[in-house]
Structures are given as structure tokens and as C-alpha cells.
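Everything on this sheet refers to the single structure shown next.
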There are 2 protein chains.
Amino acid sequence: MPRPAEPTAAGRTVVERRARVDTQRQMELFHSRLKQRGLKSTAQRDDIARVFFEIGHHISAEQLYAEVKKINQHVGYATIYRTLRLLKECDLVSERHFDDDQARYEVVGERHHDHFICERCGKIIEFENESLERLQEAVARELNVTLTRHKMELYGLCSECLAQSR
Amino acid sequence: MPRPAEPTAAGRTVVERRARVDTQRQMELFHSRLKQRGLKSTAQRDDIARVFFEIGHHISAEQLYAEVKKINQHVGYATIYRTLRLLKECDLVSERHFDDDQARYEVVGERHHDHFICERCGKIIEFENESLERLQEAVARELNVTLTRHKMELYGLCSECLAQSR
DNA sequence: TTCCCTGCAAAAGTTTTGCACTACT
DNA sequence: AGTAGTGCAAAACTTTTGCAGGGAA
């Protein structure tokens, strides 16, 4: 069981545990939302969606394509992108742009979280911090805007890379 | 003189005033840093840099190209990108990736700030919030990582678009 | 005079689209 | 059967690079 990080006066930061995604449930949601919109379920869409939900977060289209290829030779890049767009429209996937050029995708629907990205090894740590969420809302009120979403990204060196570099 | 937004218990949010960039000073810095590195000052580099510093924040390469074209027909896209890279290497410009696909550039060297982006009109509001900065540092400590940089982006509707939509 | 810099065009990398064919429902 | 979905290849778009000619130091 992973331990939450130490709390501080600033709020508690919780590192998210992996394997939160219930693939089966996500697939059912996908199918029902396709049906709602009069769209079809196909072998390719299912393969792509299942692989995506199983692998989970922060995958690029390129990686997803490679993984799907392993179980289904017949899938083209276009279908990967079209299915990712479909998943976004079904509110099951969101698209992120970290500092590299290609988009990364992650499962939607769990609690909001933010990201730390290690600039050396590329590791991505997801975390939640309640104070941060509240503070973002407070800032939005002060700016007199309404928020639909927000994101925070921290960049630096993770503990392993830090240890390794001295 | 622009007024700071209302303070809250969460900290004071200050909307940044525009026209902070002293073009002349930035140009001098550019020239001296070129000289330091044994590189040349050229008409194209000067034109691109000057236009960039005058227009300021959040410009894309495409926009910059269009603006520079107005005062110098002879500039190619390649030189725009090469000069932007050079300005980054001289620590005068930083590159940002908001949610669209093309990179945007901004002047470096002022205090750290974050961004609100209006999803309807595309307006970008820069702001500073000291509590947010402290909180990000606290999170980094809890995650046991060191931070080199961080960014926060808020997305939503600005007050004007909000008023207009009801 | 030297070699850095530039423009052009072509290449590279990611994402989208047109089209003929396939396959859900 | 009818219509949406797919694969392939080509296009679109942003950014980078090769190369031959031009210009700053």
C-alpha cells in the first residue's frame, strides 16, 4: 500500500495509486455512449479503447498505436486518432499537452489531479492537493472568471534522478 | 494604473500590467549575449527580436512571422524559428504550449506568473499569486522532488464572455 | 577573408482527410 | 440493405534541416 506523502500546513498531498481504472466499467460506458449517439461498436474501437483503459494514463497516440498493433494487426493510425477523438467526445478521455510536441491522453472521470514531470527520466507523478484546488478557485474569483478546468504541472527532478546526479 | 484584484485569505492575486517590457534594454541584452557567444548581430535577428519584444507575450511563430513580414519582406520562416531558438538560448524568451498545437513565446526575466485562458475569446490573463507559489513549493517538498519550474493554467470564461453568454 | 547567417525548398513529425471498400445493425 | 467505419495514402500543419549564396566582423 503506497503511503501518502507528509502533510504540511499547506495541505495534504496525496500521490495517486495506480490501476484505478475499471476497464470493464469504462467499456460499458463507451458502448452505451456510442449507442446513445447512434454510433456503432466495432472490433477496432473496442480493441483501441480496451488497450487504452488497461494501459491508462499519459499514453501518446504513437504508443497506443504500437500496443494495439500487438493484438490487432489491422488497425491504422487514422483509426487510433478517430477513436481517441470519439472517446474525448464521450467524455471518457482527455487530451493533454505536456512540454513535448505530441499529445498525451488520459482517462477521465476520477478526481482531478495534477502532475509532476521529471525532466530527466520523464517519469510522471500524479498528485492531489486539496488546498491547491481551493486556491485555484479563489484565484478565479479574484480574476472575476469562471473556471471550467485547470491544470498545474511541476517540472524538475524526481528523488531517484536527484540521488543519481550527486 | 491598474488595480490589483481583491485580496482574500488565500493570498493576493495581482493581474499583471501590460507594457512591462523595455524593448531597448532587451535588445541590448540580446546583443551582448550574442557577442559573448561569438555570434553575429544581423538585420533579421534585430527585426525579429524587436518586433517580438514590442508585441510581447503569447505570440506564436506564425503571428510573429506575419508581423515581421510587415517591416521586412526578406525574412523566412526558418529565420523566425532559428531566432526564437537563439532567444531561448539567451534566456530572453520562453516557449509555452497551451492547449492548441502551436507553441507560443513570451519574454523571460520578469517575475513568475501563471495564466488564465478564456476558452471562448482566447484572451490570456497573466496573474501572480504568492500563496500559489508557496503551495507549489510545499507540494514539491512533499513529493520529495526538486522543482526547476512549474506552470499553472486556468481555463474558463472571462467576465466579458460570461456576460455575453446570458 | 572567413565563416556565420539567410532564404528557399525539401524533409520530418504529428494529426487529419478523401476515397473506395468493409462490416455493423 | 443501408449507412457508418476502416485502411491506406495523401494532405495539412508546424517545425527543422541541407545547401548554395550573401553579409557581418
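Just so it is clear, the values below take in all heavy atoms, side chains as well, and ignore hydrogens, waters and symmetry mates. In the text below, chain A, chain B and the rest are named by the order of the sequence lines, each starting its count at 1.
In this structure, A:Gln63 places its CD atom 16 Å from C1' of C:dT15, rounding to the nearest Å. In this structure, A:Arg37 atom CZ and C:dC24 atom C1' are separated by 18 Å, rounded to whole Å. Between the P atom of D:dA24 and the CG atom of B:Asp47 lies a distance of 12 Å, rounded to the nearest Å. Atom CG in A:Leu86 sits roughly 8 Å away from atom P in D:dG5 (whole-Å rounding). Here the P atom of nucleotide D:dG23 and the CD atom of B:Gln44 are 9 Å apart, to the nearest Å. Put simply, CG on B:Asp46 is 14 Å from C1' on D:dG23, counting in whole angstrom units. One atom, CZ of A:Phe30, and another, C1' of C:dC24, lie 14 Å apart when rounded to the nearest Å. For the pair A:Gln36 CD and C:dT25 C1', the computed distance is 17 Å after rounding to whole Å.
Panel note: side chain B:Thr83, backbone B:Arg45; no donor-acceptor pair is recorded below 3.5 Å.
In this view, A:Glu62 satisfies the salt bridge (charged side-chain N to carboxylate O under 4.0 Å, His left out) rule with no residue, not counting sequence neighbours. Residues meeting the side-chain contact (heavy atoms from CB on, under 4.5 Å) test with B:Gln44, sequence neighbours left out: B:Thr42, B:Val75, B:Thr79.
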Would you check, one step at a time, whether the test side chain to side chain contact (heavy atoms under 4.5 Å, CB included) holds for A:Ile48 with A:Ile80?
CA-CA 7 Å; A:Ile48 294 167; A:Ile80 297 284; 3.9 Å; yes
How would you summarise protein contacts on nucleotides 9-21 of chain D per nucleotide, using B for base, S for sugar-phosphate only and - for none, with heavy-atom distances below 4.0 Å?
-----SBBBB---
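Here the closest heavy-atom approach between residue A:Cys118 and residue A:Cys158 is recorded as SG-N, 3.5 Å. Scanning all heavy atoms of the two residues, the minimum distance from A:Phe116 to B:Thr146 falls at CE1-O, 4.2 Å.
The distance from the CD atom of B:Gln63 to the NE2 atom of B:His58 is 11.0 Å, given to the nearest 0.5 Å. Atom CG of B:Leu132 and atom NE2 of B:His150 lie 7.5 Å apart (nearest 0.5 Å).
Using a 4.0 Å cut-off between charged side-chain N and carboxylate O, A:Glu137 and A:Arg134 make no salt bridge.
Residue-environment remark: CZ (B:Arg120) exceeds the threshold of 12 foreign heavy atoms within 6.0 Å.
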Donor-acceptor contacts, no H, no angles, side chain residues 32-40 of chain A, under 3.5 Å, sequence neighbours left out:
{"residue": "A:Ser32", "atom": "OG", "partner": "A:Glu28", "partner atom": "O", "Å": "3.4"}
{"residue": "A:Ser32", "atom": "OG", "partner": "A:Leu29", "partner atom": "O", "Å": "3.0"}
{"residue": "A:Arg33", "atom": "NH1", "partner": "A:Cys90", "partner atom": "O", "Å": "2.7"}

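When heavy atoms are screened at a 4.0 angstrom cut-off, A:Ser41 is found touching the sugar-phosphate backbone but no base atom.
Remark: B:Thr42 is in phosphate contact with C:dT6, judged by side-chain N or O atoms under 4.0 Å from OP1 or OP2.
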Can you check nucleotides 2-4 of chain C for protein contacts, nitrogen or oxygen pairs under 3.5 Å, and list what you find?
{"residue": "C:dC4", "atom": "O4'", "partner": "B:Lys40", "partner atom": "NZ", "Å": "3.3"}

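Against DNA chain D, the stretch residues 64-76 of chain A makes heavy-atom approaches under 4.0 Å through A:His74, A:Val75, A:Gly76.
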